[in-house]
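Just so it is clear, the structure is predicted and the values come from calculations on it, not from any experiment. In each ligand, atom 1 is the first atom listed, and ligand 1 is the first ligand listed. Side chains included, hydrogens not; waters and symmetry mates left out as well; all remaining heavy atoms used.
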Amino acid sequence: MTRIFSGIKPTGHLTLGNYLGALRRWADEDQHRAESLFCVVDLHALTVEHDPARVRRLSRQAATLLLAAGLDPATCTVFVQSHVDEHARLSYVLECVATDGEMRRMIQYKEKSARAQVAGQSVRLSLLTYPALMAADILAYGADEVPVGEDQTQHVELTRDLAVRFNQRYGRTFVVPRATRPAVAARVMDLQDPLDKMGKSHEATGGIVYLLDEPDAVARKVRRAVTDSEPGVSYDRAARPGVANLLEILAACTGEEPEKLADAYDGSGALKAAVAEAVVELLRPLRARHAELSADPEYVDGVLRDGAARARTLARPRVDAAYAAIGLLPA
Ligand code: AQP
């Protein structure tokens with residue numbers, strides 16, 4: 001049976017980008033068609049400046065949102081990365097397979113290290129080595145598929161390279177995984193800066209729709225979305241990125257094609273009103289379920305405990321095999 005692994009980083013409140021690019025597909029499709037593991041990758045949240053209490057809070061909130069989005073612990077495995085030691089164990093071995101040049105080529109490293117420098121912060125070594133840990137997350141489970149938004153494709157490509165290289169040098173140990181992307185909304189853009197992706201850790205929040213935003217806040221952010229001075233509505237990502245982003249969000253909410261939707265609106269005001277309504281309705285059940293689950297933290301903790309136990313059982317033999325293959329004496 002196909003195995004799927006994917007994760008979400010508790011570096012901020014989850015956004016509409018995270019939902020349309022990842023969570024929704026995990027819940028509606030992936031968990032039903034494959035043996036799936038979904039993880040709150042909290043170790044990755046330590047690669048940038050962070051407040052420990054906030055990371056703890058956001059980790060629980062992310063896990064609760066995964067369940068609110070429809071992940072069913074009876075159907076898939078939901079857990080927290082730091083609860084399963086195999087991720088960190090394998091990460092070191094993969095750092096011994098990866099090269100410095102490969103890590104420095106990663107776009108996220110370039111963007112986030114530049115942002116840290118502008119903010120006068122030092123760049124953590126773990127920001128550079130983060131893709132090795134991400135590769136370990138995936139390879140430990142023998143995942144065939146990794147459903148991700150567009151921004152994570154490069155990291156999955158690197159994971160493939162590391163798996164192939166390890167297998168060639170030390171004997172076949174890892175499944176070589178592939179990234180799968182959603183048909184639309186693989187890259188939801190910031191409503192205030194449609195050339196930049198909607199990212200949960202960005203400081204300017206005016207163009208970011210958070211999953212737990214009040215409906216009024218969602219509508220306000222959409223109404224204030226930056227578009228352009230062209231009359232009418234047309235779908236052209238390069239020439240009209242703001243309008244295209246709104247059309248793609250609406251397409252993801254309604255299941256229609258962005259090109260077709262463009263014909264249905266004669267101005268950006270009407271388009272924004274439709275997007276605001278569609279997003280508010282999309283998020284309504286998610287918010288309601290999140291409120292119910294938040295009132296029962298013991299249930300969420302129990303799901304995470306059971307999930308980690310199952311994940312450990314799946315990961316340990318493969319990580320032990322990698323240790324043996326690379327030349328480490330069995331304990
Ligand atoms: N804007 C986006 N559009 C579509 N998909 C997106 N994803 C993230 N942003 C968008 C997808 O969500 C999943 C989880 O992402 P992550 O937690 O691993 O972090 P990220 O990819 O680095 O995204 P963020 O939200 O922007 O976090 P920060 O600001 O901390 O870097 C992934 O499948 C991702 O592709």
Please table the atom pairs, donor to acceptor, closer than 3.5 Å between any side-chain atom in residues 313-329 and protein atoms at least two apart or in another chain.
residue	atom	partner	partner atom	Å
Thr313	OG1	Ala309	O	2.8
Arg316	NE	Glu86	OE2	3.1
Asp320	OD1	Arg89	NH1	3.2
Asp320	OD1	Arg89	NH2	3.0
Tyr323	OH	Arg89	O	3.0

Counting only pairs under 3.5 Å, give me each side-chain donor-acceptor contact of residues 61-73, with atom names and distances, residues two or more places apart or in other chains.
residue	atom	partner	partner atom	Å
Gln61	OE1	His13	ND1	2.9
Thr64	OG1	Arg60	O	2.7
Asp72	OD1	Ala74	N	2.9
Asp72	OD2	Thr75	OG1	3.2

Test item: side-chain donor near acceptor, Arg33 and Thr2, under 3.5 Å: no
The remaining residues in the hydrophobic cluster of Val118, counting side-chain heavy-atom contacts under 4.5 Å among Ile, Leu, Val, Met, Phe, Trp and Tyr, are none
Protein neighbours of ligand 1 with a heavy atom under 4.0 Å, given by chain and number, are Gly7, Ile8, Lys9, Thr11, Gly17, Asn18, Gly21, Ala22, Gln108, Lys112, Val148, Gly149, Asp151, Gln152, Ala185, Ala186, Arg187, Val188, Lys197, Met198, Gly199, Lys200, Ser201
Single-linkage hydrophobic cluster, 4.5 Å side-chain cutoff, Ile8 and Val41 together
no
Q: Would you please indicate if the ring centroids of His87 and Tyr141 are separated by under 6.0 Å?
A: yes
